[in-house]
Novice: 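Following this message is one structure expressed as structure tokens.
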Amino acid sequence: MVIFKKISDLQNHLLKLRATGSRRVGFVPTMGALHAGHISLINRARANGDITVASIFVNPTQFNDRSDFDKYPSSIEDDISLLAEEGCDVLLLPSEEEVYPEGEQKMQSYGFGYLDGILEGAHRPGHFKGVGQVVARLLDIVNPDFVYVGQKDFQQCIVIRNLISLLGKENEISLTVCPTIREADGLAMSSRNRRLTEPQRALAGLIYQCLVSIQAKQMDSSFKIVQKECMDLLEEKGFLPEYVSLADAADLSLLEEYDKSKKMVALIAAKLGDVRLIDNMVIN
Ligand code: PAF
């Protein structure tokens, strides 16, 4: 695996690689603290025959909460070893100055309309503005043919799909959303899980159980009732639930009730102590 800190060096390297054959570039953007979910994206890119490029950059502009940014887990040496072992070809490890050479304020930003004001957009003001900024910049740097992202960040997947359209790159870049990878108790793998204490970790699988019950009860219950049951249960067990919601999986328009004519997605965000967890499940 070749590691680049300078964007121009990465771009020269990719130009040479592209010139030597017809292989295409598959890109996995990350913020590091890698886990099996990230590795599944790398494997997907490799299985597709792409030159696999990963980036690790903890983007400050997408954190609405400074302490979340300060406490974001980092394990750069382990991440590098893992990526190399898994056959990633190229890693971009840029500094903030490389990504935002004229300062983050001067970067073009993008609006995602309705998505900015619901769920993650509502609870993390400015988050998707930051995600849009950094992903647009990374796409410009790497110029990939394929981008691989995890379904765990369901709303982010839709935002990135919309961003690719806003950039007019929908015919150049194919976005692949890969399934969420879970721990044995169902907890969705996330870099933030590392910050859970042992007792918190023992409780964290409850979010998945709530999603399973939202899925299971669609035939014989009202979503409003199941939603309240989940909120109450999470609170009772010591979570601070932010939302338990149901939406149309195609565009994330929120649903008040189960609508079996649509492919739906249930989404949950809840805090355990100061660790914020999100998860979702597509309901058929
Ligand atoms: O999902 C993430 O890790 C980040 O939001 C991303 C897409 C790498 C942008 O910083």
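Bear in mind that the values here come from a model prediction, so they are computed numbers and not experimental data.
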Novice: Measure from the side-chain N and O atoms of Gln218 to the backbone N and O of Asn284, and report whether any donor-acceptor pair falls under 3.5 Å.
Specialist: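 Yes, Gln218 side chain to Asn284 backbone: donor-acceptor pair under 3.5 Å.
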Novice: To check you understand the geometry: which heavy-atom pair defines the closest contact between Ala247 and Leu255, and what is its length?
Specialist: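 Looking at all heavy atoms of both residues, the closest pair is C-CD1, 3.7 Å.
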Novice: Same cluster or not: Phe63 versus Val131, using hydrophobic residues (I, L, V, M, F, W, Y) connected whenever any side-chain heavy atoms lie under 4.5 Å apart?
Specialist: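 No.
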Novice: Would you say the side chains of Asn59 and Tyr72 form a donor-acceptor pair under 3.5 Å?
Specialist: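 Asn59 vs Tyr72: no donor-acceptor pair found between side chains.
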Novice: With heavy-atom distances below 4.5 Å as the criterion, would you say the side chains of Tyr114 and Asp251 are in contact?
Specialist: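 No, every pair of side-chain atoms sits at 4.5 Å or beyond.
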Novice: Do Val58 and Val275 sit in the same hydrophobic cluster, where Ile, Leu, Val, Met, Phe, Trp and Tyr count as joined when their side-chain heavy atoms come under 4.5 Å apart?
Specialist: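 No, no single cluster joins them.
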Novice: About how many Å separate CD of Gln62 and CZ of Phe57, when rounded to the nearest 0.5 Å?
Specialist: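 CD of Gln62 is found 9.0 Å from CZ of Phe57.
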Novice: Using a side-chain heavy atom cutoff under 4.5 Å and only I, L, V, M, F, W and Y, what cluster partners does Leu15 have?
Specialist: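 Noted: Leu15 shares its cluster with no other residue.
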Novice: Are Arg192 and Asp274 close enough for a salt bridge, meaning some N to O gap below 4.0 Å?
Specialist: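 No, no charged N to carboxylate O under 4.0 Å.
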Novice: Say whether, by atom type as modelled, one donor and one acceptor occur between the side chain of Thr197 and the main chain of Gln200 under 3.5 angstrom.
Specialist: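 Side chain of Thr197 to backbone of Gln200: a pair is present.
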Novice: Hydrophobic clusters here meaning ILVMFWY residues chained together by side-chain heavy-atom distances under 4.5 Å, can you tell me if Leu252 and Leu246 are in one?
Specialist: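 No: no chain of side-chain contacts under 4.5 Å links Leu252 to Leu246.
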Novice: Indicate the atoms forming the closest heavy-atom contact of Ile141 with Gln11, along with that distance.
Specialist: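 The answer is O-NE2, 3.0 Å.
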Novice: Among Lys271, Arg276, Arg124, whose salt bridge (charged side-chain N to carboxylate O under 4.0 Å, His left out) with Asp68 holds?
Specialist: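 Of all the options given, the one that passes is Arg124.
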Novice: Have Thr61 and Glu104 got a donor and an acceptor in their side chains that come within less than 3.5 Å?
Specialist: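 Side chains of Thr61 and Glu104: no pair found under 3.5 Å.
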Novice: Quick test of your reading of the model: are Glu86 and Arg46 salt-bridged, counting only N-O distances below 4.0 Å?
Specialist: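 No salt bridge links Glu86 with Arg46.
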Novice: For Ile181, what are the other residues in its hydrophobic cluster, where any two members join if their side-chain heavy atoms are less than 4.5 angstrom apart?
Specialist: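 Under the 4.5 Å side-chain rule, Ile181 groups with Met189.
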Novice: Any side-chain to backbone donor/acceptor pair from Thr30 onto Ser55? Under 3.5 Å, distance only.
Specialist: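 Between the backbone of Ser55 and the side chain of Thr30 there is a qualifying donor-acceptor contact (under 3.5 Å).
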Novice: Under the salt bridge (Lys or Arg N to Asp or Glu O under 4.0 Å) rule, what pairs show up with a residue in residues 158-182, not counting sequence neighbours?
Specialist: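 Sorted pair list: Arg182-Asp279.
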Novice: Is there a path of hydrophobic side-chain contacts, each under 4.5 Å between heavy atoms, that joins Met31 and Val142?
Specialist: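 Unlinked, Met31 and Val142 end up in two clusters.
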Novice: If you group Ile, Leu, Val, Met, Phe, Trp and Tyr by side-chain heavy-atom gaps below 4.5 Å, do Ile207 and Ile278 land in one group?
Specialist: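 No, separate clusters.
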Novice: If you look at every heavy atom in Val226 and Ser221, which pair is closest and at what distance?
Specialist: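 For Val226 versus Ser221, the nearest heavy atoms are CG2-OG, 3.5 Å.
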Novice: Would you say the side-chain atoms of His38 pair up with the backbone N or O of His35, donor to acceptor, closer than 3.5 Å?
Specialist: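 Flag set: sc His38 to bb His35 pair under 3.5 Å.
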Novice: Could you please spell out the steps behind the side-chain contact (heavy atoms from CB on, under 4.5 Å) verdict for Lys129 and Asp116?
Specialist: CA-CA 8 Å; Lys129 182 174 168 219; Asp116 286 326; over 6 Å; no
Novice: Quick check: do Ser245 and Leu119 have side-chain heavy atoms less than 4.5 Å from each other?
Specialist: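 The answer is yes; the side chains approach within 4.5 Å.
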Novice: Working to the nearest 0.5 Å, report the span between CG of Leu167 and CG of Asp140.
Specialist: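 Answer for the CG-CG pair, Leu167 versus Asp140, is 8.5 Å.
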Novice: Which residue, Ile173, Val135, Ile158, forms the side-chain contact (heavy atoms from CB on, under 4.5 Å) with Leu163?
Specialist: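 When side-chain contact (heavy atoms from CB on, under 4.5 Å) is applied between Leu163 and each of Ile173, Val135, Ile158, only Val135 qualifies.
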Novice: If you define the side chain from C-beta out and look only at heavy atoms, does anything of Met281 sit under 4.5 Å from Ile214?
Specialist: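 Not touching, per the 4.5 Å side-chain cut-off.
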Novice: Out of Lys263, Met264, Gln215, which one pairs with Val282 under the side-chain contact (heavy atoms from CB on, under 4.5 Å) rule?
Specialist: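 So the option named by the test is Lys263.
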Novice: Is any side-chain heavy atom of Arg201 less than 4.5 Å from a side-chain heavy atom of Leu187?
Specialist: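 Yes, close enough: below the 4.5 Å cut-off.
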Novice: Looking only at non-hydrogen atoms, find the nearest pair between Ser191 and Gly32 and report the distance.
Specialist: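 It is OG-O, 3.3 Å.
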Novice: Mind checking whether Gln156 and Phe128 have side chains closer than 4.5 Å, heavy atoms only?
Specialist: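 Yes - at least one pair of side-chain heavy atoms lies under 4.5 Å apart.
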Novice: Under the rule for ring-ring contact (aromatic ring centres under 6.0 Å, His included), what residues qualify as partners of His127, not counting sequence neighbours?
Specialist: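 With sequence neighbours excluded, His127 shows a ring-ring contact (aromatic ring centres under 6.0 Å, His included) to no residue whatsoever.
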Novice: Using a strict threshold of under 4.0 Å (side-chain N to carboxylate O), is an ion pair present between Lys5 and Glu98?
Specialist: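 Salt bridge: no.
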Novice: Taking the side chain as every heavy atom from C-beta outward, state whether Ile164 and Asn162 have any pair of such atoms under 4.5 Å apart.
Specialist: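 Of all side-chain heavy-atom pairs linking Asn162 with Ile164, none is under 4.5 Å.
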Novice: State, with a plain yes or no, whether a side-chain heavy atom of Phe154 is found less than 4.5 Å away from one of Val177.
Specialist: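 No, too far: nothing below the 4.5 Å cut-off.
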Novice: Can you list the steps and then say if Arg44 with Asp50 is a salt bridge (Lys or Arg N to Asp or Glu O under 4.0 Å)?
Specialist: CA-CA 9 Å; Arg44 188 72 179 263; Asp50 310 338; over 6 Å; no
Novice: With no hydrogens and no angle check, do the side chains of Tyr243 and Gln227 hold a donor and an acceptor under 3.5 Å apart?
Specialist: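 Absent: no donor and acceptor within the cut-off.
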Novice: Under the side-chain contact (heavy atoms from CB on, under 4.5 Å) criterion, do Lys106 and Tyr100 qualify, and how do the steps go?
Specialist: CA-CA 8 Å; Lys106 294 239 170 92; Tyr100 300 123; over 6 Å; no
Novice: Would a 4.5 Å heavy-atom cut-off, applied to side chains only, mark Cys230 and Leu233 as touching?
Specialist: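 No - every pair of side-chain heavy atoms lies 4.5 Å or more apart.
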Novice: At what distance, to the nearest 0.5 angstrom, does CZ of Phe27 lie from CG of Asn143?
Specialist: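 It is 11.0 Å, given to the nearest 0.5 Å.
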Novice: Working to the nearest 0.5 angstrom, can you tell me the gap between Phe69 CZ and Asn64 CG?
Specialist: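 Taking CZ in Phe69 and CG in Asn64, the distance rounds to 12.5 Å.
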Novice: To the nearest 0.5 Å, how far apart are CD1 in Ile51 and NE2 in His13?
Specialist: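 Those atoms lie 7.5 Å apart.
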Novice: Can you tell me how far apart CG (Leu240) and CG (Leu272) are? Round to the nearest 0.5 Å.
Specialist: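 Nearest 0.5 Å value for the CG-CG distance: 9.5 Å.
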Novice: Members other than Ile42 in its cluster, when Ile, Leu, Val, Met, Phe, Trp, Tyr link by side-chain heavy atoms under 4.5 Å?
Specialist: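 Met1, Ile3, Val28, Leu34, Ile39, Leu41, Ile56, Ile76, Ile80, Leu82, Leu83, Leu91, Leu93, Phe146, Tyr148, all in the cluster of Ile42.
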Novice: Ignoring hydrogens, what is the shortest heavy-atom contact between Phe4 and Asp9? Give both atom names and the distance.
Specialist: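 The pair with the smallest heavy-atom distance is CD2-CB, 3.5 Å.
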Novice: Take atom NZ of Lys260 as the centre, draw a 6.0 Å sphere, and report whether it contains more than 12 heavy atoms from other residues, nucleotides or ligands.
Specialist: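 Yes.
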Novice: Looking at Gln151, is its backbone amide N or carbonyl O close enough to the side chain of Asn280 to form a donor-acceptor pair, meaning the two atoms are under 3.5 Å apart?
Specialist: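 Yes, because the side chain of Asn280 sits within donor-acceptor range (under 3.5 Å) of the backbone of Gln151.
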Novice: Checking Glu257 against Ser222: is there a side-chain donor and acceptor pair closer than 3.5 Å?
Specialist: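 Result is yes, a qualifying pair exists.
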Novice: In chain order, what residues pass the side-chain contact (heavy atoms from CB on, under 4.5 Å) check against Ala250, with sequence neighbours excluded?
Specialist: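 Partners of Ala250 under the side-chain contact (heavy atoms from CB on, under 4.5 Å) test: Asp248.
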Novice: In this structure, are over 12 heavy atoms from other groups packed under 6.0 Å from Lys152 atom NZ?
Specialist: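 Above 12, so yes.
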Novice: Might you point out which heavy atoms bring Gln155 and Ile118 nearest each other, and give the distance in Å?
Specialist: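 Nearest pair, atom of Gln155 first, then Ile118: NE2-O, 3.1 Å.
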